[in-house]
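Convention: sequence-line order gives letters A, B, ...; per-chain numbering from 1. Keep in mind that this is a model prediction, so the values were computed, not measured.
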Amino acid sequence: MLNKSQTVAAIETMMTEFPDVKSELKADSDFHFLLAVILSAQATDKSVNSATPALFRRFPQPEDLAVADVKEVEQYIKNIGLYKNKAKYLVACSRSLMENYHSQVPQTMKELTSLAGVGRKTADVVLADCFNIPTIAVDTHVARICKRLRIVSQKDTPAQIEQILMKKLPRSMWIRAHHTLIFWGRYRCQARKPLCETCPLFSVCQEGQNRLKQDIN
DNA sequence: CTCCCGATAT
DNA sequence: ATATCAGGAG
């Protein structure tokens, strides 16, 4: 397992390759950003961004989506996976925002996860990207990278990974480290194509060493 | 744990 | 053909 200083060093190496990291989800308001993050579950940002402009034009405010027909919402997002569940979430979420939060996106974990379709990961993303509140959202990329590098152990759950990262990284790094890990997972150390041959972290990466032994790549 | 689920890369 | 993609609810 990588210790604190090794973990910080690994993240800093990633930062040199991706100096300007931020969310790639497009949105013009906190409300629309929340919807985009809900839609992004098990889907690529690209597919979400291709659907959201029309959706957001049709439903500018929580009040508009709260009274919408779920079937109509489905038509706007049917090119995204899991679209039937997501359509329900969007309407129910908007209704709750309207009825319980004055149509404002709340700023606490507890309130955010009370919304339909919003779990811990989505809440973490909103806290960090909308309100600049330090969190480390653990998605599929963050989990994979941390496991390959042995920043965490193979059996750790996303919630455990989040706790370990918060211990190993200074709070001032959390939000940027999160985005950096996403970019690293998306463009450098992909699930099916780790690109170990040219990886600057190869020498400290347990997964890289394993692949070398087994002659993968 | 299972179910949800289209688009894309491999 | 199959794995993967900014997961969450029941």
Side-chain angles (χ1 to χ4, degrees), chain A residues 11 14 18 20-27 30 32-55 70-71 73-97 105 109-131 133-148 155-162 165 174-197 207 211 216-217:
Chain A
I11 301 288
M14 297 178 197
F18 297 102
D20 298 306
V21 289
K22 58 179 182 351
S23 174
E24 299 191 296
L25 292 170
K26 292 187 290 187
D30 292 342
H32 284 165
F33 185 76
L34 170 61
L35 300 185
V37 182
I38 292 171
L39 290 173
S40 70
Q42 297 291 285
T44 60
D45 282 9
K46 193 179 293 183
S47 72
V48 174
N49 286 335
S50 71
T52 47
L55 178 77
V70 174
K71 286 295 176 187
V73 177
E74 285 181 3
Q75 294 312 305
Y76 284 89
I77 64 173
K78 62 178 162 45
N79 61 323
I80 305 175
L82 315 179
Y83 70 96
K84 290 184 180 177
N85 281 339
K86 289 172 181 175
K88 285 189 225 168
Y89 295 157
L90 296 193
V91 174
C93 177
S94 299
R95 188 169 302 150
S96 178
L97 282 175
V105 178
M109 171 64 65
K110 182 168 181 149
E111 293 172 311
L112 282 165
T113 53
S114 79
L115 302 169
V118 181
R120 185 175 188 87
K121 179 259 168 182
T122 297
D124 273 338
V125 171
V126 169
L127 290 172
D129 288 339
C130 291
F131 307 121
I133 297 170
T135 64
I136 304 180
V138 178
D139 73 333
T140 181
H141 296 299
V142 175
R144 184 181 65 254
I145 302 305
C146 289
K147 287 179 181 182
R148 282 182 172 169
K155 60 179 172 56
D156 283 321
T157 65
Q160 291 172 311
I161 295 171
E162 182 178 350
L165 284 174
W174 289 0
I175 294 180
R176 183 151 172 232
H178 156 72
H179 284 125
T180 303
L181 286 163
I182 300 280
F183 273 66
W184 196 258
R186 222 177 253 170
Y187 304 115
R188 247 320 318 197
C189 189
Q190 301 166 30
R192 300 172 70 171
K193 198 167 59 155
L195 305 176
C196 299
E197 306 84 355
E207 177 71 11
R211 285 173 173 271
I216 312 177
N217 303 329

Exercise for the section: Mind checking A:V125 for me? I need base, sugar-phosphate or nothing, with any heavy atom below 4.0 Å counting as a touch. Expected result: base

Exercise for the section: Give every residue pair that meets the side-chain hydrogen bond (donor to acceptor under 3.5 Å, both in side chains) criterion with at least one member in residues 110-125 of chain A, sequence neighbours excluded. Expected result: A:Y101-A:S114, A:T108-A:E111, A:R120-A:E162

Problem - Any A:R186 side-chain nitrogen or oxygen under 4.0 Å from OP1 or OP2 of C:dC5 - result: no

Problem - Whole-Å distance separating the CG atom of A:L39 from the P atom of C:dA9 - result: 14 Å

Fill in the blank from the handout: For A:K71, the salt bridge (Lys or Arg N to Asp or Glu O under 4.0 Å) test, sequence neighbours excluded, returns A:E74

Handout entry: Atom P, compared across B:dT10 and C:dA6: separation rounded to whole Å
Key = 13 Å

Fill in the blank from the handout: The side-chain hydrogen bond (donor to acceptor under 3.5 Å, both in side chains) partners of A:Q42 (sequence neighbours excluded) come to none

Handout entry: Options C:dT2, C:dG7, C:dA6, nucleotide nearest the side-chain atoms of A:T122
Key = C:dG7

Problem - With sequence neighbours excluded, residues passing ring-ring contact (aromatic ring centres under 6.0 Å, His included) with A:F131 - result: none

Completion exercise
DNA chain B: first to last nucleotide in contact with chain A (atom under 4.0 angstrom from a heavy atom), 5' to 3', is B:dC4 to B:dT10

Practice task
Go through the structure and list residues passing side-chain hydrogen bond (donor to acceptor under 3.5 Å, both in side chains) with A:D156, not counting sequence neighbours.
Solution key: A:S153

Practice task
Without swapping roles, check the side chain of A:R211 against the backbone of A:C196 for a donor-acceptor pair under 3.5 Å.
Solution key: no

Practice task
Look at the side chain of A:R192 and decide which nucleotide, out of C:dT2, C:dG7, C:dA6, has an atom nearest to it.
Solution key: C:dT2

Exercise for the section: Please figure out whether A:L25 or A:V118 has its closest DNA chain C nucleotide nearer the 5' end. Expected result: A:L25

Exercise for the section: Could you pull out all residues at least two apart from A:F33 that satisfy ring-ring contact (aromatic ring centres under 6.0 Å, His included)? Expected result: none

Practice task
Assign A:K46 to base, sugar-phosphate, or nothing according to its heavy-atom contacts below 4.0 angstrom with the strands shown.
Solution key: nothing

Exercise for the section: Rounded to whole angstrom, note down the C1' distance from B:dC5 over to C:dC5. Expected result: 11 Å

Exercise for the section: Mark yes or no for whether A:S50, through its side chain, and A:S47, through its backbone, hold a donor-acceptor pair below 3.5 Å. Expected result: yes

Practice task
Specify the residue among A:T44 and A:K193 whose closest nucleotide of DNA chain B lies further upstream toward the 5′ end.
Solution key: A:T44

Exercise for the section: Would you please name every residue forming a ring-ring contact (aromatic ring centres under 6.0 Å, His included) with A:H179, sequence neighbours left out? Expected result: none

Practice task
Looking at every strand, decide which applies to A:G119 at a 4.0 Å heavy-atom threshold: base, sugar-phosphate, or nothing.
Solution key: sugar-phosphate

Handout entry: Partner residues of A:K193 under the side-chain contact (heavy atoms from CB on, under 4.5 Å) criterion, sequence neighbours left out
Key = A:Q190, A:L195

Exercise for the section: Tell me, please, which residues at least two apart from A:S23 pass side-chain hydrogen bond (donor to acceptor under 3.5 Å, both in side chains). Expected result: none

Practice task
Ignoring backbone atoms, establish whether A:R144 has a side-chain N or O less than 4.0 Å from OP1 or OP2 of C:dC5.
Solution key: yes

Fill in the blank from the handout: Writing each nucleotide of DNA chain B 5' to 3' as (, ), [, ], | or . by Watson-Crick or G-U pairing under 3.5 Å yields ||||.|||||

Exercise for the section: Would you mind classifying the nucleic acid contact of A:D45 as base, sugar-phosphate or nothing, using non-hydrogen atoms under 4.0 angstrom? Expected result: base

Handout entry: Rounded interatomic separation in angstrom, taking CG from A:L34 and P from C:dG7
Key = 15 Å

Exercise for the section: Remember a base hit wins even if backbone is also touched, and classify A:A191 as base, sugar-phosphate or nothing at under 4.0 Å, heavy atoms. Expected result: sugar-phosphate

Exercise for the section: Using a 4.0 Å heavy-atom cut-off across all strands, classify A:N49 as base, sugar-phosphate, or nothing. Expected result: nothing

Practice task
Indicate the ring-plane relationship of A:Y187 and A:F18, choosing parallel, tilted or perpendicular according to the 30° and 60° boundaries.
Solution key: tilted

Fill in the blank from the handout: Under a 4.0 Å heavy-atom cutoff, the residues of residues 84-94 of chain A touching DNA chain C are A:Y89

Practice task
May I ask you to say what A:S47 touches in the nucleic acid, namely base, sugar-phosphate or nothing, with a heavy-atom cut-off under 4.0 Å?
Solution key: nothing

Exercise for the section: Using the closest heavy atom to pick a nucleotide of DNA chain C for each, name whichever of A:L115 or A:E24 lands nearer the 5' end. Expected result: A:E24

